[in-house]
Amino acid sequence: MKKALAVAKWEFMEKVKSKAFLISLVLMPVIIVLFAVIPGFLAAKPDDRPLAIGIIDKSGLLFERLKQTIEEKHRLPDGQPNYILKDLGADGDVPQLKLIGNQMIANGEIEGYFFLPADIIDSGKVEYRARNVGNLRIERRFSKAIEDIIVEIRLSNQGYDASRVRNLLAEIDIRSMKISDKGEETESGFREVFFSAYIFIMALMFLVLTSGQLLVRSVVEEKTNRVIEVLLSSCSSMDLMTGKILGLSTLGLVQIGLWGAIGLAVSIKTGGLFFLTENLILSAVYFILGYLMYSAIFVGVGSPITTEQEAQQLTSYVSLFLVFPIALAIPAMQNPDSMLIKVLTFIPILTPTFMLLRIPIQTPATWEIVTTIILLVLTTVVLMWAAGKVFRIAILVYGKRPSIPELFRWIRAA
């Protein structure tokens, strides 16, 4: 291992001193924070001026009550009403009224208008027309106000006291408590469970893609510069492969470790810990085994590659297996013991990510944990052995890329 460790040290030091690594070490957390915070900040930012909203109330029952409700409930920071409601009339032909409303929108006189049909109390159907129908805030606020008014009118028509019914319909605040296998309870909800799985899967994907891409590019660069022959004169192919995996793995772990420490410190400081800390060791086991397995895949499939374009294609294909569990995150949270989820868990290339997804939701049975760990260990050992066989020959092969049958012949070779 002496030569392998020397290669690992060289790979680590060369990459950790590079400007690209130092920039990504600082820039990536900033980008993640910006993507996570700015959309929410902009969505919650209040309007900077009152918006004129037109109302065509063919029922003649809602306009005044809607105007009072909206202007009282929604105001700008300076105290002005957020929305100024304009009565576009109720008498006349519906197409003509809509034509007038459309023209006012085109002239910039109103932001949009709501059309309330004559049978709105029974049908509950409302139309909203605007130049920008993507403003969900307007639709959500007005639909809630209109719904409340219609419900009150319906209750009154049935002889009920709407105000008393509203007081009786108290809101329910549900606290979610997660029970462990030992019967211990901890408070957690959808956010904690989802992010506990999401963070580990994204960390694994980032580590695999960055380290794997660096590994493939390192081999491609050394093959292109004909440095690989010099290296093999001083160490064996297995030493070189092991050293590259160890060095670049350490680099990725250092990067993720620093980001994780910063994230944990900020969460504890702000009192907003949004992930579960239980079963961290078990999740770490699948994380490490999954990374080693994917590293073997990168070494075996990436060593015959001779161009940067092929390296990028390889990483994009591997990323599909890492992203796939995220697409099934919601079904897995609703039914983690479903047959589909269990079957996918026992497919080796999907095992790490699906177990990382299932563990925070509901810890799988002991036999599943033991079986999947053994399966991952065996798969990783076999893939590492096969990758070593391919790597030994592929690093000295130039020109035409070997076919799949040729790769199998290299693996079977002594």
Verdict with supporting geometry, F115 and V94, side-chain contact (heavy atoms from CB on, under 4.5 Å): CA-CA 9 Å; F115 174 71; V94 171; 3.7 Å; yes
Side chain to side chain donor-acceptor pair (under 3.5 Å) between Y83 and R141, intermediate numbers included: CA-CA 10 Å; Y83 305 103; R141 288 178 173 178; 3.1 Å; yes
L62 and I121: CA distance, side-chain angles, deciding distance, side-chain contact (heavy atoms from CB on, under 4.5 Å) verdict: CA-CA 10 Å; L62 276 71; I121 303 302; 4.0 Å; yes
Test log, rule side-chain contact (heavy atoms from CB on, under 4.5 Å), inputs R65 and I153: CA-CA 11 Å; R65 298 173 69 172; I153 294 175; 3.3 Å; yes
L251 vs V16, side-chain contact (heavy atoms from CB on, under 4.5 Å): CA-CA, chis, key distance, verdict: CA-CA 7 Å; L251 182 74; V16 81; 3.8 Å; yes
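Within 6.0 Å of atom CZ in R131, 12 or fewer heavy atoms from other residues, nucleotides or ligands are found, so the atom counts as exposed in its surroundings. In this structure, N132 places its CG atom where more than 12 heavy-atom neighbours from other residues, nucleotides or ligands lie under 6.0 Å away. Heavy-atom neighbours of Y160 OH from other residues, nucleotides or ligands within 6.0 Å: at or below the threshold of 12.
At a threshold of 4.0 Å, the pair E368-R358 counts as salt-bridged, since one of the basic side-chain nitrogens sits closer than that to a carboxylate oxygen. Remark: D47 engages R137 in a salt bridge, criterion side-chain N to carboxylate O under 4.0 Å. Ionic pairing of K98 and E127 is present here: one or more N-O contacts between side-chain nitrogen and carboxylate oxygen are shorter than 4.0 angstrom.
Using a distance-only test at 3.5 Å, with no hydrogens or angles considered, a donor-acceptor pair links the side chain of D78 to the main chain of Q80. Remark: the backbone N or O of A90 is paired with a side-chain donor or acceptor of K58 at under 3.5 angstrom. The backbone N or O of G60 sits less than 3.5 Å from a side-chain atom of D57, completing a donor-acceptor pair. The backbone N or O of L116 sits nowhere less than 3.5 Å from a side-chain atom of K125 that would complete a donor-acceptor pair. Of the possible donor and acceptor atoms, none in the side chain of N82 sits under 3.5 Å from a partner among the backbone N and O of L76.
If you look at Y128 and F142, their ring centroids are not closer than 6.0 Å.
Expressed to the nearest 0.5 Å, how far CD1 of I373 lies from CG of L378 amounts to 12.0 Å. For the atom pair CZ of R129 and CD1 of I56, the computed distance is 8.0 Å after rounding to the nearest 0.5 Å. To the nearest 0.5 angstrom, F287 atom CZ is 14.0 Å from L282 atom CG. Atom-to-atom distance recorded for K73:NZ and K144:NZ is 5.0 Å, nearest 0.5 angstrom. For the atom pair CD (E64) and CD1 (I55), the distance works out to 11.0 Å, reported to the nearest 0.5 Å. Separating the OG atom in S283 from the CD1 atom in I359 is a distance of 4.0 Å, to the nearest 0.5 Å.
Between A130 and G112 the shortest heavy-atom distance is CB-CA, 3.8 Å. In terms of heavy atoms, I369 sits closest to M355 at CG1-CE, 4.2 Å. In this structure, Y294 and I349 approach most closely via the heavy-atom pair OH-O, 2.6 Å. For the pair I245 and Y291, the tightest heavy-atom approach, listed with the atom from each and the gap, is O-OH, 4.5 Å. Closest non-hydrogen pair, T380 versus L292, comes out as CG2-CB, 3.8 Å. Here the closest non-hydrogen pair linking P348 and T379 is CB-OG1, 3.6 Å.
You'll find the side chain of Q96 reaches within 4.5 Å of the side chain of L99, heavy atoms only. I84 is not listed as a side-chain neighbour of L51, based on a closest heavy-atom distance of 4.5 Å or more. At least one side-chain heavy atom of I138 sits less than 4.5 Å from a side-chain heavy atom of F114. L66 has its side chain within reach of I70: a pair of non-hydrogen atoms, C-beta onward, lies under 4.5 Å apart. Contact check for T69 versus I149: side-chain heavy atoms found under the 4.5 Å cut-off.
Between the side chains of T351 and Y286, not a single donor N or O lies within less than 3.5 Å of an accepting N or O.
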